Chemist: 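Structure in structure tokens, see below.
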Amino acid sequence: MHMLSIIRQFKLASVVLASFFVISNAAFAETSLLNVSYDVSREYYKDLNPAFIKYWKDKTGETITIKQSHGGSSKQARSVVDGLAADVITMNRSPDIDILYERAKLIPKDWQKRLPNASAPTASTSVFLVRKGNPKNIKDWDDLVKPNVAVVIPNPKTSGNGKYSYLAAWGYVLKSGGDEAKAKAFVTKLFKNVPVLDGGGRGATTTFAQRDIGDVLITFENEIFLIQKELGADKFEVVYPSISVLAENPVALVDKVVDKRKTRAQAQAYLDFHFSEIGQDIAAKHYLRPQVESAANQYTSTFKPLKLFKVEEVFGSWAKAEKTHFADGGVFDQIYTQ
Amino acid sequence: MAKRKNILPGFNISLGFTLLYLSLIVLIPLSAAFIKTAEISFAEFWQIVTAPRVVASYKLTFGASLIGALINAVFGLLTAWVLVRYTFPGKKFVDALVDLPFALPTAVAGIALTAIYAKNGWIGAWLEPLGVNVAFTPLGVIVALTFIGLPFVVRTVQPVLEDLEAETEEAAASLGANRLQTFTKIILPAVWPALLTGFALAFARAIGEYGSVIFIAGNMPMVSEITPLIIITKLEQYDYVGATAVAVVMLVISFVLLLAINGLQWWANRNNGADR
């Protein structure tokens with residue numbers, strides 16, 4: 001008797017559920033793209049998307065909408081692997097797109113070859129922010145390992161931003177003639193000067209700027225421009241190290257999704273638009289370094305020319321860097337457990 | 001076998017619903033953690049869950065949760081006592097304040113606590129010259145866990161205190177008991193089971209807490225990393241199995257602790273009943 005009514009309840013529940021699906025399907029009737037992106041690209045896409053919608057309307061007459069989803073990068077990538085129907089994915093590290101191939105074969109292995117510049121329309125780099133007047137006289141990486149200098153870096157285990165800062169410090173030692181052992185000693189000393197490991201870049205900004213912790217903040221250049229814009233250029237100074245890492249922001253369309261939703265043409269055009277003149281200008285406006293050469297040359301006054309190295313160039317590949325440095329028991333863990 | 005008659009109708013159907021509901025909401029997600037962990041051998045599992053960083057995080061999570069719950073047990077009882085036994089202007093307001101940690105998003109609590117206890121914050125600025133740093137230390141973790149646990153103790157002890165008539169205390173006094181004796185012999189035995197429940201709830205809540213702690217802890221490996229952060233860290237590295245392995249350990253420890261507290265409560269109840 002009671003089993004029967006349970007079944008009846010189930011039927012009711014499934015009718016309710018089904019009607020939800022019908023409603024959500026109706027919402028997808030007009031062509032739309034879902035861009036799954038990392039946390040701090042909100043402002044950039046708020047400008048880029050309307051520009052692309054207008055461009056696409058002028059070119060084809062079709063009206064499209066672009067939906068954005070933002071969050072911590074690996075969390076976002078995991079959602080796509082687990083079935084979030086993202087037409088395009090835009091990240092700040094290639095491993096967060098590689099995972100779409102590795103875990104779910106949603107994209108081909110060589111996805112980076114499909115667009116110019118290894119699919120990275122924009123980039124940033126890790127630079128220093130110090131307090132007004134630079135009281136600790138910070139000029140380059142070497143000054144960060146001095147005693148009594150506190151450095152704020154987001155946790156490299158949980159944040160792409162932190163990983164780039166860590167690798168930049170390592171690369172600095174190698175590029176200035178040191179070997180792996182010296183690099184390890186240097187990075188160990190550097191992280192002994194870190195009083196707080198925030199989960200992400202924005203958290204580190206708050207710790208440094210609002211909580212008044214630390215003498216130096218190492219974070220992305222675009223974040224530093226944003227801090228100065230939001231919190232006042234009179235409180236902090238930017239210090240450019242002699243060398244740093246090129247933090248590329250790769251983009252990709254998700255083949256399995258666009259083929260199913262029949263949005264490949266739109267998704268491809270959207271990605272191409274990132275590399276167009278307008279797209280590059282919008283990126284520069286949001287302090288992301290344009291990577292198309294003609295555009296990059298226009299903005300040499302905004303972005304100080306720096307000696308920048310790619311992760312692949314110093315560490316072989318991102319996968320190798322992850323395994324050696326950030327995996328459990330890797331070099332970063334050894335800093336704290338040995 | 002004869003069917004046992006129950007006076008209240010609808011026992012079968014309501015039990016069926018209870019089991020189904022518990023399975024869907026609690027048991028299935030939890031068993032998923034165990035099933036995922038079964039993908040690795042026991043040796044691998046053991047290596048993951050006994051890594052130095054992970055062990056340090058258990059100590060912090062369970063230690064800070066315990067201290068936080070103990071603080072709440074003492075001051076929660078006091079708060080409940082004041083709210084029940086006295087009348088004063090603004091009592092309703094204070095009463096409502098107690099529930100605030102329930103309602104506030106934990107991230108908001110974490111950010112607010114960090115802002116107050118950081119060295120340039122209202123309280124932190126006073127503590128810093130004394131050499132006490134709260135924000136970004138294990139002490140900060142205890143502060144956050146105490147904050148979120150407070151309502152559990154107050155709200156479980158309060159109704160019991162309300163039932164406890166002031167006459168019993170007056171009777172004890174008239175029979176020659178001093179104040180301490182009245183408290184330890186009359187009041188405490190009566191509220192003890194409720195106090196234990198409140199303590200257990202606050203403790204359990206603190207073990208699972210993530211949002212508020214993450215802002216104030218500083219998250220230094222081996223020093224101020226809580227176990228939920230270790231789990232998140234592993235997920236960030238796409239290490240699903242490692243994350244669930246640590247989660248399983250937390251589940252088992254929490255379950256054993258809660259079982260022990262429940263056992264203690266049952267024992268206290270029985271002893272209390274026998275005394276009367």
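Here the structure is a predicted model, which is why all the values come from computation and not from measurement. Naming: A, B, ... by sequence-line order, numbering from 1 per chain.
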Chemist: For chain A, which of B:Asn120, B:Thr114, B:Asn219 has the most heavy-atom pairs under 4.5 Å?
Modeler: B:Asn120

Chemist: Are the charged groups of A:Asp328 and A:Lys157 less than 4.0 angstrom apart, N to O?
Modeler: yes

Chemist: Is it the side chain or the backbone of B:Ser224 that comes within 4.5 Å of chain A heavy atoms, both, or neither?
Modeler: neither

Chemist: Between B:Phe215 and chain A, which part of the residue has a heavy atom less than 4.5 Å away: side chain, backbone, both or neither?
Modeler: neither

Chemist: Under a 4.0 Å threshold between the charged nitrogen and the carboxylate oxygen, would A:Asp333 count as salt-bridged to B:Arg53?
Modeler: yes

Chemist: Among B:Gln237, B:Met222, B:Lys119, which residue has the highest count of heavy-atom pairs closer than 4.5 Å to chain A?
Modeler: B:Gln237

Chemist: Between B:Ile111 and chain A, which part of the residue has a heavy atom less than 4.5 Å away: side chain, backbone, both or neither?
Modeler: both

Chemist: With only heavy atoms counted, which part of B:Ile214 is less than 4.5 Å from chain A, the side chain, the backbone, both or neither?
Modeler: neither

Chemist: Please check if the distance between the ring centroids of A:Phe208 and A:Phe236 is under 6.0 Å.
Modeler: yes

Chemist: For B:Phe102, does the CZ atom have more than 12 heavy-atom neighbours from other residues, nucleotides or ligands under 6.0 Å away?
Modeler: yes

Chemist: Please flag which part of B:Ala115 lies under 4.5 Å from any non-hydrogen atom of chain A: side chain, backbone, both or neither.
Modeler: both

Chemist: Is the shortest side-chain N to carboxylate O distance from A:Lys109 to A:Asp98 below 4.0 Å?
Modeler: no

